[in-house]
Each structure stands twice: as structure tokens, then as C-alpha cells.
Amino acid sequence: MTTIDTAETPDPPLTLRDLAALEVGVLKGVGPKRKTALSKVGVHTVLDLLRYYPRRWIDRTREEPIANLRVGDEAMVVGTVRRIDQRRIRGNRTIVTATVADASGSLSVSFFNQPWRARQLPEGTPVVLFGKVDNYRGSLQMSSPVVDRIGDQTGKIVPVYPQSEKGGVASGDVARLVAEALRRSAARQIADPLPDTIRRRFGFVDRHVALSTIHEPEAMSEVAEARRRLVFDELFSIQLELVRQQRERQATEVGVAHAPNGRLTGALVDRLGFSLTSAQERVIDEILADMVRPHPMHRLLQGDVGAGKTLVAVQAMLAAVEGGFQGALMAPTEVLAEQHHLGVRALLDGLEVDSDTSLFGARPLRVELLTNAVTGADRRRILDDTRSGEVDILVGTHALIQDAVTFGALGMVVIDEQHRFGVEQRAILRDKGPDDGEPDVLVMTATPIPRTAAMTVYGDLDVSVLDELPPGRTPIVTRRAQGPDEESAMWAEVREAVSEGRQAYVVCPLIDLSESLEVRSVLEMHDELTGGELAEQRVGLLHGRLASADKDAVMSAFRAGDLDVLVATTVIEVGVDVPNATVMVILDAARFGIAQLHQLRGRVGRGAHASSCWLAGEATTEDGDARLDALVASTDGFELAEVDLELRGEGTILGERQKGRSDLRLASLRTDREVVGQARAVATELLDEGGEAVGRLLDDAAVLLGAEETEYLRKN
Ligand code: ADP
Ligand code: MG
């Protein structure tokens, strides 16, 4: 078995793979209990431990005794919680107040609407507070300061490690274990496979120094240098793997070289009652340029809710149809597929395609719908005509990727709202192309991904951005409704909108992941509202368990204005388009993520009338509060996506499955955006040179990303 330290020195420096092969159990004081606790925070090996970076560093040289504080100071105080109380105040809100004392005096601290603070800070807890000192009824206080629990760590600069909710490993214990691991690696040192030329170009410290000083800095400037190097390593390993895969793919794939003639796309533009936004024109040009090339297109079309992505997708499919190919449009839900089908059909009604089998050399362009709800003779007819190529555009759900579906000449695949689709499913659809070439793929997403994140997650996709909304939209006003007073104001607004002829959505909380519970909660809410706040209004109900025909009936009634209010689960999250709906109520909003809330809100604000969105319920965590406040402050999806990344610690860019796993530890796609580009450039340069470092760097990347992530990047 490998050991970290040895008496002799001939052993080569430790690679990341060596460190990953050592269980944390080799460290002193790590018994079964601590091992379990560490594994809960993702630390299994010595490498995991060294990569369990501090969340913050407390520079104790800047500590201020409480007795020296003055009103207006921004200060750091180290003390102990002496007393903590929680009270309810008007409007069903809570306030937590604490007294924190050091040897010189005491200070009162208050937290507004953060009830969990009472549990976080029991009496006797040693804490560090950062915040602004103000005056409350004659005594000093800090209101909602940043709080760290540091335990009994000493030293000039104290690292604060992330604490898991369920406790387990105290920050000080992590620091001691890291110190031991570093001490025992000192003899062999940690290897640095990055070539000297690159290290010098960027002025990076070497990896051993970086991994040591991130944990045990002598000065904050050392933290900055260590961080700079480790951030690069994280982003570089992803880029190296992505560039390698892109090379591999370009060498093997053959696509369809389309031959669009502009007849159908031109005819569509002529019949629109509006002109394309310049962003739409630009993006359509980007897509057409890809389509005529013989390599398959892999393009991500990103645009905020309502930016007009569907029209872009339809133009791309029409361009394929012009050259005799078929288009497929895949949506994540039946409701959305049906809506796309209706929408696309209406747009294209009356257009004709060239045909040698028809007497007049032309036949009507054909758009069909395929979902699991399409059965029997209809289904057989659609499948046959898709195989023979008579169906020009097939719209559908996951049903499109079933074995029974064969296309005569699939040339363009559009996938809407990608976040709901597995990567495997995308690959299957791509494989349904003609024998002599893969179809082009356009992935549309309204889940805004900042460009830098897109470069990382979809590093092998080209990205087009629709960064302009069609003119004439009215901005949505977003408010929070906390407590009974504000909630009744919210329902009053719903009634008022309805009385003015508008419509509203009420989205119910996601109680549990279980669908049946979700259905029950939406049923209960429907009953409660129709018996109370919305007794006079016509209220419909929509959830995933309804039969398709019922869903259809409800959606059609709402679209036609025969229902005033639609109480729904998140089935309405994507794509539903009813311009007369102007109020969105999201109950228990803190249970949703930023992206989802933004999606839901995007269901209103689609017409000329002023729209509003209410986020109801109190948040139970600090992050929850911050998420809802972010929604109130901004309607810009790109801005929100960045806030989201920030709040989530960006732990999930490699996809749902990887939640909480290795992924990005230190890099911030928000603040380290230019490093993504640098890392990509270096990855390209080193792969082109093909020097001996490449093998070691790729091995590093494999270790850092882990098998699962590498596989994920590969399938994507
Ligand atoms: P997205 O899918 O990006 O959320 P949609 O494609 O559903 O947006 O478009 C939203 C609405 O805007 C639709 O009603 C569509 O007809 C309309 N629309 C699209 N492009 C334009 C444009 N250039 N000018 C005016 N309205 C447009
Ligand atoms: Mg859409």
C-alpha cells in the first residue's frame, strides 16, 4: 500500500492519483465515526480532504474588541453567544436576537426573518461576526451580520471550512487533519504536471504550494495566489477533456450538408405580422451557416423566456425541409408538445413544399404530432408517413425517440427546454438521421446559462444567444407575500385582474418529490381557493396526472378565456403561452429554485397588459430568502442565472446527477470568467503540441473530474 511519508527520498512526487488512492483513514484520529462524518461531506480520500477548501478565511489581525466599536464601523468581532431569543412580530414574521460577548464587552445582534439562527447559535457557541455596527435604543448592535462558527481554532489566519447542516466535522477538526496530511506529504511533495512555460506565463505558484497555502496561509495574499492556481486547475481539467472530445468527434462524424433555397423561410417571414428582432436574424444566420456545412451542427440556442426561440427553431426546420429533409421538434411535456404543434401548424398553414409525386409539383407542408396520447390508426399513419418522408415536421415528446419511430430523411433535430432531457435521449434522437449522415441538432434552453457557464457545461456545443426581447412587452412587477396580511392583498389583486378581464395562474408548492403528494396538494389548494379567496371566479385545475384529453380541455378553456384562474403544478412551467394571463401567484415559492421561478414568472408578461408575479410564503433558509429577493430585484434571466450560480456555490454545473459531488470547488463562473477562456486556450495549445505533459494532465483531469463527470461530459 502507498504511504504518504517515507524515510527515503527517492520516491517521486505524489500525483493526484496517488492522493486519491489514500483513504482518509490513514490519518491519525480518523476512526469509523469520523470517517462516516467526513464521507457525508464528500471527503473519502486524502485528495478529497486537500480539496475540501475553506469557505472563508478569518484574518484575526483585524479583530476588534467589542469595547472599541463605534456606531458606523464595519467590524469583525470574535466572541461567545451569551443569550439567544426568538420572537414573532407583526405580519407573522420572526426576529432572533442574541447577545455576543468578548473579554471587553458585549453587543446585541439581531436577525430578521431568519428563524433558523436560533438553532444555529445556541448559548455558548464561539462565533465570528462581520457587520456594520449601529445604534439600537442606545446600545451597540449588529443587524444581520455575517456569522461564522469557528470553534477553538487559533492562529493569525483561521480557515473556516464548510459546515454540513447535520454537523459532523467541526471546522477545527478539518484544519487539524489537513495539517497532518500536508506535513506527511512534505517529504515527497505534490507533483505539478503543468509545464513550466505555462506556469511562468501566468505567474502561477506550483501545485504543492497552492494546496498548502490555501489551507495554511501566512497572509491573505497567499490565499489569493493559491486560489488563482487552483481555480485554473479546476477549469483547465474540464476544458482539456472537452477539447479532447471535440477533436475526437470532429475526426469521425459526418453530417448532412443542407441546401436551403429560402422559399419556405422567406414565405414565413412575409406572413408574420411583425418583423424579426435583429437577434433572431443574427441567430438564424448562424444556424444556416452551420447547416450548409457537411459537419453535424451541435448548437445551443439560449434565450430568455419570451425571446422568440420557437420562431428561430421553425426557421431552422423549414430550411431543412427546403432541401428535402425532415425536422423534428422534441418538447419535455405533452402540454408543451401539443402547444408547439398547434403553434407551428398555425404558423405554417398553407405553405407548400416541392414534390415530384404531385401533379402540380407541390404539396401542402405537413406538420404532425406524436406523443404517447396519439394511438391506434392515427399513430400508425403518422409513423408510416414519417418513415416515407411525407411528414415534414414531427413535433412530439419523448415518444419521438422510441424504437418504432423511423424518419425517411431527418435533417434537423430541435430539442426544446433541454434541462428536462437526459443526454442519452439526445444522442438517440441524433442517431435517427439518414444512414449517410447525422442530423443537425439545435438545443433550445430558456434556463439562462451565463455564457461562461455555457462554455464549461456545453463546452463542445456552439452557443447562439437571443439577447433581445420582441418589442412591446411590459415589465413584470414581482413582489413577496409573507404572512396573512400580504397574502390577502395578493388574492385581492388576483380578483381585481379577473374583474378587468385578465387571467391568473396559481402554482402550488412542491410538497414532495412524489407525484401523488403533489397532486394532492394541488387538489387541496383548489378546494381551499374555490371555497374562499376565489369563490366568485371560474377556477380550473391542471396537473400531471390528468388524462391528456382533460389536460387539453383545461388548457383550451383557459386559452379561450372560459376560465379565470388556473391552479396548477409546475406542468405549466415551460412554454405555456396565454398573453391575457397577467398575474402569477407562486405558493411556497422558497421551495423552488431561481431558474424555475424565473420560468414560472415568464408565463405572464406576454401581452400588452401590465403583469405581476407574487412569491408567497416565508423562506426557511438564508439562501431561500436571497433567492426570492433576487427575483424581486431582477427580471433579467442572465443576471438571475449568475446570482443562482453564486448562491449554489456552483456545485452543479455538470448536471443534476452530480449535485454535491466534486464539480467546481473553488472556481466561480461569475468572477473567474476570463480564466475559463484562458484554460480553454491552454488546453487547445497543449493538445496541439502533444507533448509528454499531456498524458499526465489528462490523467489529472480524469481524477479531478471523476469517472462519472468524465462520462457526463462525453455523452453531452
Ligand atoms: P420563447 O420560446 O423564447 O419563450 P416564444 O418563441 O414562445 O418565446 O415567443 C413568445 C411570443 O413572442 C410568441 O407569442 C411569439 O409569437 C412572439 N414573437 C416571437 N418573435 C417575435 C418578434 N420578432 N416580434 C414580435 N413578437 C414575436
Ligand atoms: Mg418556448
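Indexing begins at 1, ligand by ligand and atom by atom, following the structure's order. All figures in this text were calculated on a predicted structure; none of them were measured in a lab.
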> For E334 and N372, does a side-chain donor sit closer than 3.5 Å to a side-chain acceptor?
Replying inline: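 No, no side-chain donor-acceptor contact under 3.5 Å.
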> Any side-chain donor-acceptor pair under 3.5 Å between T386 and E368?
Replying inline: no
Pull out every atom of ligand 1 sitting under 4.0 Å from any heavy atom of [X], numbered as shown with elements.
X    : value
T310 : 2 (O), 5 (P), 6 (O), 7 (O)
L276 : 23 (N)
Q280 : 19 (C), 20 (N), 22 (C), 23 (N)

> Which option, K309, R603, H340, Q599, owns the non-hydrogen atom nearest atom 1 (P) of ligand 1?
Replying inline: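 Shortest heavy-atom distance from atom 1 (P) of ligand 1: K309.
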> Can you tell if the side chain of D416 reaches within under 4.5 Å of the side chain of H340, non-hydrogen atoms only?
Replying inline: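 Yes. Closest side-chain heavy atoms under 4.5 Å.
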> Considering only heavy atoms from C-beta outward, does the side chain of F558 approach that of V578 to under 4.5 Å?
Replying inline: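 Sidechains of V578 and F558: in contact.
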> Among the heavy atoms of S275, does any lie under 4.0 Å from an atom of ligand 1?
Replying inline: yes
> Does G308 reach ligand 1 with a nitrogen or oxygen that is under 3.5 Å from one of the ligand's nitrogen or oxygen atoms?
Replying inline: yes
> If you measure every N/O of A307 against every N/O of ligand 1, is any gap under 3.5 Å?
Replying inline: yes
>> Please determine whether side-chain hydrogen bond (donor to acceptor under 3.5 Å, both in side chains) holds for the pair E493 and S612, giving the CA-CA distance in whole Å, both sets of side-chain angles, and the decisive distance to 0.1 Å.
In response: CA-CA 9 Å; E493 195 190 273; S612 61; 2.5 Å; yes
>> Could you measure the distance from the CD atom of E352 to the CG atom of D392? Nearest 0.5 Å is fine.
In response: 11.5 Å
>> Quick one, D285 with R282, criterion salt bridge (Lys or Arg N to Asp or Glu O under 4.0 Å). Give me CA distance, side-chain angles, the key distance, then yes/no.
In response: CA-CA 5 Å; D285 285 346; R282 187 191 70 237; over 6 Å; no
Any idea which part of [X] is under 4.0 Å from ligand 1, heavy-atom wise: side chain, backbone, both or neither?
X    : result
T277 : both
P579 : neither
M444 : neither

